[in-house]
There are 2 protein chains.
Amino acid sequence: MRGPETRTEIIGAADRLFYERGFEHTSFADIAEAVTIARGNFYYHFKSKDEILSAVIARRVAHTTALLERWARDNPTPRGRLSAFVGMLEVNGDAIMRYGCPVGTLTIELSKLLHGSRDQVVGLFDLFRDWLAEQFRALGRDADAQALALHLLMRSQGVATLYTAYRDRDFVIREMAMMESWIDEVAGTQPAATI
Amino acid sequence: MRGPETRTEIIGAADRLFYERGFEHTSFADIAEAVTIARGNFYYHFKSKDEILSAVIARRVAHTTALLERWARDNPTPRGRLSAFVGMLEVNGDAIMRYGCPVGTLTIELSKLLHGSRDQVVGLFDLFRDWLAEQFRALGRDADAQALALHLLMRSQGVATLYTAYRDRDFVIREMAMMESWIDEVAGTQPAATI
DNA sequence: CGCCAATTAGGTCAATCGGCCAAATAATTA
DNA sequence: TAATTATTTGGCCGATTGACCTAATTGGCG
């Protein structure tokens, strides 16, 4: 009937369920129920579960690319863009508290499964890393832009994990402030308006 | 034949497999094969898989407690003890690269499963957090000892996750050095001998 | 109209899952 | 030695998994 729309819905539901329950713990029946289609239908769209996973990753790549472009559009300065990244921890707070970081947790799960799509997921980290490095480069840190980007990525991963563990919002707020201070240090700028 | 020894072996094998493959993805058959016993045997020792999980967590609590005591024994100064914690990232490097942090990854998995033993696992984080806070307190940071402990814990989690993703040893070495510098800052001490 | 992509509902399949149990065996005690 | 208890075995259970298949429809479009 709708064709590509059903396919899109399947990918969307799988994306959400893979995040909330994990890849392995999500069954075809779960996805079918979420989309309210017949079980047999997504063998018309996908030949295997791995194929759905690849489509989910592709979707995340597209969404992440769009997110980074939006951040760049909404924030003229590199410093402001870095704050947009830090702010993600608060914007997605509830989800992170329950399910952790979508990229980090999927990377870990696929690593333990020795799953072939692992590297594709790490590609999502690359998107953030390269985008962050670009901002640090714009702030005059050409030499160590990539290392600084990885450091900020590392911090967001650590905060996300401990947020899932302790569910302590104050901890997140505190660490976000520390990340902002750190950015100010390496950028050699004055602290921005109170955040 | 051996009774309690078999029970201990089951817990040990389950501990390793839960770490390497994840809790859900480890079956009774996997554990039985690792211990080379009949599958039915561990229903004599454990009534359910959750019971095995509880035993595994208890084992980890005991091992972690022993580890922290060893660190305290081998390092007379609080500063040295904090370095012992940081050094864990290198000592367990290969395992972390493949399977992530045993505590963090299990916490995430059980959180997604809404599993009842989740809080028990977070108790492992408590052990590290309290031990670290004790060291910061000994360094004169009474007021924010707990926050500093959580920050260090957060960093180790972030480094572990990105190590699993990028498998870049240089990144880990670099971040460990940054952690040492940060400790020196908050401790108000001179940098220790080159690490 | 007829074509054709899309969908439905259902069943089947081998494999594996956690869970369970009666019977055999080993170890201990009387 | 005989009786008792502790431990282990191997097969079986119902449920679920991913995967596959078929026949019957649906509905839009040329």
Side-chain angles (χ1 to χ4, degrees), chain A residues 1-59 106 109-110 112-118 120-121, chain B residues 1-57 106 109-110 112-118 120-121:
Chain A
M1 202 196 303
R2 299 165 300 151
E5 299 178 27
T6 302
R7 189 191 149 92
T8 304
E9 279 185 43
I10 292 175
I11 298 174
D15 191 352
R16 182 177 59 83
L17 290 171
F18 287 173
Y19 174 41
E20 293 179 357
R21 309 184 187 181
F23 169 68
E24 268 231 315
H25 192 243
T26 301
S27 69
F28 284 161
D30 294 333
I31 304 175
E33 189 191 8
V35 191
T36 50
I37 57 168
R39 279 200 339 280
N41 190 2
F42 48 65
Y43 278 98
Y44 174 78
H45 296 282
F46 304 96
K47 276 180 295 185
S48 71
K49 196 180 179 186
D50 286 350
E51 216 169 87
I52 299 182
L53 176 60
S54 286
V56 166
I57 298 173
R59 175 194 152 107
L106 186 56
E109 184 179 1
L110 296 187
K112 295 200 184 216
L113 297 180
L114 305 175
H115 195 288
S117 296
R118 199 200 80 103
Q120 289 178 253
V121 179
Chain B
M1 202 196 303
R2 300 163 298 152
E5 300 176 27
T6 301
R7 188 192 150 91
T8 305
E9 280 186 42
I10 291 175
I11 299 173
D15 191 353
R16 183 177 59 83
L17 290 171
F18 287 173
Y19 174 41
E20 295 178 357
R21 309 186 186 179
F23 170 68
E24 267 233 317
H25 190 243
T26 300
S27 69
F28 285 160
D30 293 333
I31 305 175
E33 188 190 9
V35 190
T36 51
I37 58 169
R39 283 202 325 284
N41 188 1
F42 42 63
Y43 278 96
Y44 174 77
H45 297 282
F46 304 95
K47 275 179 294 185
S48 70
K49 196 180 178 184
D50 288 349
E51 217 169 87
I52 299 182
L53 176 61
S54 288
V56 165
I57 298 173
L106 187 55
E109 183 180 1
L110 297 187
K112 295 198 185 217
L113 296 179
L114 305 174
H115 195 288
S117 296
R118 199 201 79 103
Q120 289 180 254
V121 179

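Throughout, a chain's letter reflects where its sequence line sits, starting with A, and its residues are numbered from 1.
Rounded to an integer number of Å, the gap from CD1 of Ile52(A) to C1' of dT17(D) is 14 Å. The nearest whole Å value for the distance from the CD atom in Glu51(A) to the C1' atom in dG18(D) is 14 Å. The CG-P distance, from Leu53(A) to dG18(D), rounds to 13 Å in whole Å. Taking atom NE2 on His25(B) and atom P on dT17(D), their separation rounds to 14 Å, with Å as the unit. In this structure, CD1 of Ile37(A) is placed 19 Å from P of dA5(C), rounded to the nearest angstrom. The distance from atom CZ of Phe42(B) to atom P of dC17(C) is 11 Å, rounded to the nearest whole Å. Rounded to whole Å, atom C1' of dT17(D) lies 13 Å from atom CD1 of Ile31(A). Remark: P of dA6(C) and CD1 of Ile10(A) are 12 Å apart, rounded to the nearest angstrom.
With distances taken from any side-chain atom of Arg39(B) to the nucleotides dG18(D), dG19(C), dC17(C), the minimum falls on dG19(C). Closest contact between the side chain of His45(B) and the listed nucleotides dT8(D), dC17(C), dT8(C) involves dT8(D). With dA6(D), dT17(D), dA5(C) as the choices, the nucleotide that has an atom nearest any side-chain atom of Tyr44(B) turns out to be dA6(D). Among dT17(D), dA19(D), dG18(C), the nucleotide with an atom closest to any side-chain atom of Ser27(A) is dT17(D). In the set dC17(C), dG18(D), dT17(D), the nucleotide with an atom closest to the side chain of Phe28(A) is dG18(D).
Once rounded to the nearest 0.5 Å, the distance linking CZ of Arg21(B) with CG of Leu114(A) reads 9.0 Å.
Between Asp15(B) and the options Ile31(B), Leu53(B), Ile10(B), Val56(B), a side chain to side chain contact (heavy atoms under 4.5 Å, CB included) holds for only Val56(B).
Residue Tyr43(A) places a side-chain atom within donor-acceptor reach of the base of dA19(D), judged by atom type and a 3.5 Å distance cut-off alone.
Side-chain contact between Phe23(A) and Lys49(A) is present, with at least one heavy-atom pair separated by less than 4.5 Å.
When atom types are taken as modelled, the side chain of Gln120(B) and the backbone of Ser54(B) share no donor-acceptor pair closer than 3.5 angstrom. Distance alone, capped at 3.5 Å, places no donor-acceptor pair between the Glu24(A) side chain and the His25(B) backbone.
Mapping Asp30(A) and Lys47(A) onto DNA chain D via the closest heavy atom, the residue that lands nearer the 5' end is Asp30(A). For Asn41(B) and Lys49(B), each mapped to the nucleotide of DNA chain C holding its nearest heavy atom, the one lying further toward the 5' end belongs to Lys49(B).
Thr26(B) comes within 4.0 angstrom of sugar-phosphate atoms only, judged by non-hydrogen atoms across all strands, and of no base.
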